[in-house]
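Each chain gets a letter, A, B and so on, in the order its sequence line appears, and its residues count up from 1. Keep in mind that what you see is a predicted model, and the values were worked out from it rather than measured.
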Amino acid sequence: MESAERPSDIVEAYEPGPVEAKWRASWAARGTNVTDIANAARPFYALMMFPYPSAEGLHVGNMFAFTGNDIFARFQRMQGLNVFEPLGYDAFGIHSENYALKVGVHPAEMIPRNIANFRRQLERGGLMVDWSRSLSTTDPEYYRWTQWVFLQLYKKGLVYKKAAAVNWCPTDKTVLANEQVIAGACERCGSMVEQRFLEQWFFAISQYAERLLKNLDTLDWSETTKTAQRNWIGKSEGAEIWFDGVKVFTTRPDTIYGATYVVLAPEHPLVGAHTTESQRAAVEEYRERAARRDLVTRKTAKDKTGVATGSTVTNPATGEQIPVWVSDYVLMEYGTGAIMAVPAHDERDLEFAHGFELPVKKVVHEDETLIDSGEFTGMTVNDAKKAIVASLAAKGKASAVTNFRLHDWCISRQRYWGPPIPIVYCDNCGVVPVPDKDLPVLLPMIDDFKPDDSGISPLARHDEWYRVPCPTCDGMARRETDVSDTFLDSAWYFLRYPSVGDDSQAFDPTITKKWLPVDSYIGGNEHAVLHLLYSRFVTMVLNDMGLIDFEEPFTKFRAHGLIIREGAKMSKSKGNVVNPDEYLDTWGADAFRTYLMFLGPFEEGGDFRDRGISGVKRFLDRLWASVRDSSTDAAPDAEVDRKLHATIRKVGDDIPRLSYNTAVAAMMEYMNVLRKGDRVPRRSEVEPLVQLVAPFAPHLAEELWEKLGHTTTIFDSDWPQFDAAMLEQDEIELVVQVNGKMRGRISVLSTVTEEEAVSRATGDPAIAKFVTAPPRKVVFVPGRLLNLVV
RNA sequence: GCUCGGGUGGUGAAACUGGUAUACACGCAGCGCUCAGAACGCUGUGGCCGAGAGGCCGUGCGGGUUCGAGUCCCGCCCCGAGCACCA
């Protein structure tokens with residue numbers, strides 16, 4: 001009977017289904033999420049990494065990432081910015097192609113279906129995406145410009161073709177970029193990668209190594225991502241030193257007095273010249289064996305293998321004759337493909353020396369000081385590095401050099417599902433780039449797209465496609481039959497979004513100047529080195545060509561965390577995958593979004609627990625009931641109002657830091673104050689909370705905003721302001737410590753002086769009993785605490 | 001091996017520059033409402049001792065700096081991610 005008079009006690013769950021459907025329809029009808037690209041006064045580009053539209057549908061991890069971006073975007077819009085939040089599909093590549101082969105459906109048929117399903121799920125998620133400017137990398141109107149980007153780099157002289165030892169995946173039957181080889185295995189299928197010599201197209205990204213490294217210091221990116229890039233670029237400063245005709249690379253010239261032999265990589269061109277007659281057969285046999293060994297065994301073998309050439313060279317520092325060996329623990333791809341071995345200071349050299357019973361010479365320095373090193377004895381390691389190189393350089397036997405681990409980017413793939421590389425081979429003219437006017441080079445519909453072992457693309461089986469007249473001389477010519485790496489598709493897509501719809505150019509210069517670089521980019525750290533590095537490279541090149549006026553594409557980047565479940569990353573094989581549709585049906589998008597943001601720090605991810613969502617739903621139900629029950633007249637209660645202003649400040653501070661979990665907690669805390677006991681909240685107390693919740697629960701917020709009498713979208717309303725004066729309380733609780741231990745608190749005016757505070761504290765018997773002697777020292781932190789040291 | 005994260009209640013996690021450790025939520029327990037349950041609401045909930053007031057101990061381990069350390073420094077252990085024969 002009491003409860004009938006206390007409607008606030010009865011919190012019924014509201015039905016998210018109809019509410020969310022209503023607002024989805026309203027947003028679409030009113031164009032709420034369409035950005036006025038041309039006329040935006042304060043453009044803000046909020047980008048998220050686009051998904052691969054898999055047949056399984058949207059993954060919770062996608063939903064988590066997109067929601068995190070969406071909240072920030074919606075928040076920025078409520079700050080008065082013109083926010084552009086586009087989303088498209090990264091649909092080319094081996095992933096789609098292999099799946100298509102497995103289920104026996106042509107990718108050209110499968111991908112549009114998958115995209116439709118993704119679009120349906122994404123829309124249910126309540127994202128503020130401007131669907132009028134979506135794209136798919138498989139759309140000819142997109143990939144014609146991917147081909148155009150290739151041609152720009154070609155014009156700039158950064159594209160070349162060469163026969164190279166490349167990573168060949170025997171299962172996927174294609175070449176892989178170094179970045180796609182994880183510990184010697186294909187990142188896609190896990191097969192051991194083989195070495196093959198094939199003609200491949202490369203982008204000369206290594207020319208940009210220094211700049212790619214240096215610019216990192218200027219970027220507002222997650223530190224983990226920057227570190228990953230630095231490691232990948234792998235700058236190391238050292239010297240090239242001549243041991244007679246053999247040039248070695250070392251980062252430790254200071255240890256040259258301990259160099260007891262030289263090692264050449266098996267592929268090193270000087271191996272033959274250094275091999276004596278008696279060793280020739282053994283060396284030849286070793287080289288063959290090394291070439292056959294796949295990269296896996298090569299990179300993990302503990303017992304080092306090798307063979308002596310029989311010849312010696314002179315150690316330029318000591319003048320000693322030292323033997324030349326061949327071993328595959330030295331890599332041809334790095335440095336000069338030759339090293340000086342210092343068993344006393346290098347673990348690998350020591351291992352090798354032990355294996356072949358080579359003499360291990362003395363240690364050449366102790367701690368940081370050189371010993372037994374001729375004229376350099378007594379120098380510190382750092383000084384000796386410079387002095388030794390300088391001394392040898394004077395004799396023309398050394399030079400300081402910088403090496404990078406970063407290799408050129410192999411972009412050709414002997415596969416079907418990608419943009420054909422826009423190159424034509426003519427018997428008369430040679431290699432001819434396809435003229436811009438002939439783009440796109442359309443990918444033909446063929447049914448036999450399965451790759452084979454030949455190392456040649458399936459497109460090479462279709463001469464009706466690859467035979468073309470030469471664009472220059474009109475003579476007999478044939479097309480390049482390789483397609484480009486998927487990572488090229490995604491290395492420039494952010495430039496396209498604002499210009500989607502303009503089929504006359506890849507990106508409109510005026511629009512690009514207005515909208516780029518991207519203000520905020522959010523995505524997974526699994527792309528820390530691949531996608532993000534390639535995007536930076538392409539942007540730098542286009543900048544150098546004067547096509548854009550910035551050289552870094554993403555001003556701010558934050559890597560989101562990973563959602564795990566039952567202690568493990570979600571995966572089909574573990575059976576712990578969450579289907580977003582089920583949660584959207586049961587709980588609604590608003591509760592699902594808010595829960596995903598609440599379960600852990602956005603940049604760390606968290607554990608998805610099925611029951612956890614109920615607390616968030618309860619919070620939204622209470623918000624619903626609070627609006628329904630709120631009284632319309634009264635001004636806010638003073639205490640509630642103070643909490644309200646503290647909450648506005650907290651949520652406004654937390655969202656830009658992507659500290660969404662604590663923002664939600666702050667709103668819940670406020671809700672608890674709002675409805676404490678049998679309190680009926682007042683309209684003036686509830687209305688600002690609806691706005692704070694809006695980025696998280698957009699449908700519910702719109703519904704409540706409408707119920708509160710508004711007729712325009714809540715996302716065009718102004719974010720509530722807090723009054724700093726409201727946050728200053730006259731009366732505060734001062735913590736009192738004795739010897740650093742909390743012993744009580746006293747209620748005092750915020751303006752209290754140290755003397756007053758001490759006398760109030762010592763006058764409190766509960767505190768005084770710990771003050772066993774007159775305080776030796778008093779630490780007073782105004783507004784916070786008082787510490788009496790006795 | 002190297003680099004980067006991280007270790008806090010039964011659980012997910014808070015604690016911005018050193019200043020009340022465990023906010024918020026889940027779970028659990030008790031109570032209210034109910035014929036009953038669900039839902040909803042209220043109260044409690046780090047450990048130990050104590051009837052209570054209250055006390056002692058507590059942020060992976062061991063030291064240190066400080067009036068005061070989850071936070072800073074040194075040395076370890078464990079978990080996760082990335083790189084890995086890069087000279």
Can you find a side chain N or O atom of Asn787(A) that sits less than 4.0 Å from OP1 or OP2 on G19(B)? no

Interatomic distance at C1', G63(B) relative to G12(B), whole Å: 33 Å

In whole Å, measure the gap between the C1' atoms of A51(B) and G46(B) for me. 23 Å

May I ask you to verify if any side-chain N or O of Lys226(A) is less than 4.0 angstrom from the OP1 or OP2 atom of G5(B)? no

Of the listed nucleotides (U3(B), C24(B), A87(B)), which one gets closest to any side-chain atom of Tyr334(A)? A87(B)

So what does Arg252(A) touch, heavy atoms closer than 4.0 Å: a base, only the sugar-phosphate, or nothing? sugar-phosphate

Side chains of Asp408(A) and Ser206(A): any donor to acceptor distance under 3.5 Å? yes

Write down the distance separating the C1' atoms in A81(B) and G9(B), rounded off to the nearest Å. 27 Å

Distance, rounded to the nearest Å, where Ile233(A) contributes CD1 and C83(B) contributes P: 14 Å

Distance between the P atoms of U66(B) and G54(B), in whole angstroms? 34 Å

Any carboxylate oxygen within less than 4.0 angstrom of a Lys/Arg side-chain nitrogen, looking at Arg287(A) and Glu267(A)? no

Checking contacts here: which listed nucleotide (C24(B), G19(B), G55(B)) is nearest the side-chain heavy atoms of Lys769(A)? G55(B)

Proximity to the side chain of Lys304(A) - top-ranked nucleotide from G12(B), C85(B), C26(B): C85(B)

Among side-chain atoms of Asn525(A) and Thr224(A), is any donor-acceptor pair under 3.5 angstrom? yes

Do Phe608(A) and Tyr583(A) have their ring centres less than 6.0 Å from each other? yes

So if I take every side-chain heavy atom of Val779(A) and compare against C24(B), C67(B), C56(B), which nucleotide ends up nearest? C67(B)

Is Arg622(A) near enough to G41(B) that one of its side-chain N or O atoms lies under 4.0 angstrom from OP1 or OP2? yes

Of C24(B), A87(B), C83(B), the nucleotide closest to the side chain of Trp232(A) is C83(B)

Of the listed A14(B), G12(B), U20(B), the closest approach to the Arg784(A) side chain comes from U20(B)

Evaluate the criterion ring pair (Phe, Tyr, Trp, His ring centres under 6.0 Å) for residue pair Phe602(A) and Phe64(A); output intermediate values, then yes/no. CA-CA 8 Å; Phe602(A) 184 66; Phe64(A) 174 73; 5.0 Å; yes

Starting from C1' on A81(B), measure out to CD1 on Ile564(A) and report it in whole angstrom. 13 Å

Does C56(B) pair with anything, Watson-Crick or G-U wobble, both distances under 3.5 Å, and if so, with which nucleotide? G47(B)

Measuring only the P atom in each nucleotide, how far is U59(B) from C72(B)? A whole number of Å is fine. 15 Å

Rounding to an integer number of angstrom, what distance separates G37(B) and U22(B) when you compare their P atoms? 35 Å

Please state whether the rings of Phe356(A) and Phe352(A) are parallel, tilted or perpendicular, taking 30° and 60° as the class boundaries. tilted

When the C1' atoms of C24(B) and G19(B) are considered, how many whole Å apart are they? 22 Å

Give the nucleotide from the list C67(B), A14(B), G19(B) with an atom nearest to the side chain of Pro601(A). A14(B)

Is there a donor on the side chain of Glu604(A) or the base of G6(B) sitting less than 3.5 Å from an acceptor on the other? no

Would you say G12(B) has OP1 or OP2 under 4.0 Å from some side-chain N or O of Arg565(A)? no

Value in whole Å for how far the P atom of G68(B) lies from CE of Met742(A): 17 Å

Reckon Arg618(A) has a side-chain N or O less than 4.0 Å from the OP1 or OP2 of C26(B)? yes

How far, in whole Å, is G62(B) from U45(B) if one measures between their P atoms? 29 Å

Rounded to whole Å, please give me the gap between CZ in Phe608(A) and P in G12(B). 15 Å

Could you please name the option among A87(B), C26(B), A13(B) that lies closest to any side-chain atom of Arg611(A)? C26(B)

Need the pair for A81(B). Rule: Watson-Crick or G-U wobble, both distances under 3.5 Å, any strand; none if unpaired. U3(B)

What does G18(B) pair with, Watson-Crick or G-U, if both distances are under 3.5 Å? none

Name the pairing partner of G32(B), where a pair is Watson-Crick or G-U wobble with both distances under 3.5 Å, or state none. C40(B)

Phosphate OP1/OP2 of A87(B) contacted by Tyr329(A) side-chain N/O (<4.0 Å): no

Checking N1-N3 plus N6-O4 or O6-N4 for Watson-Crick, or N1-O2 and O6-N3 for wobble, each under 3.5 Å, the partner of G62(B) is C74(B)

Starting from P on G68(B), measure out to CG on Asn739(A) and report it in whole angstrom. 8 Å

Relative to Phe770(A), does Arg743(A) satisfy both conditions: NZ or CZ under 6.0 angstrom from the six-membered ring centre, and within 45 degrees of the ring's axis? yes

Residue whose nearest RNA chain B nucleotide is more 5′ - Leu785(A) or Ala665(A): Leu785(A)

Which whole-number value in Å describes the distance from Asn231(A) CG to G5(B) P? 12 Å

Verify the ring-centre separation between Phe696(A) and Phe598(A): is it less than 6.0 angstrom? no

Could you tell me whether the phosphate oxygens of G5(B), OP1 or OP2, come under 4.0 Å of any side-chain nitrogen or oxygen in Asn525(A)? no

Phe770(A) side chain: which of A87(B), U20(B), G55(B) is closest? G55(B)

Output the rounded distance in Å from CG (Asp629(A)) to C1' (C40(B)). 13 Å

Need the pair for G10(B). Rule: Watson-Crick or G-U wobble, both distances under 3.5 Å, any strand; none if unpaired. C26(B)

Rounding to a whole Å, what distance do you find between Ile655(A):CD1 and C16(B):C1'? 16 Å

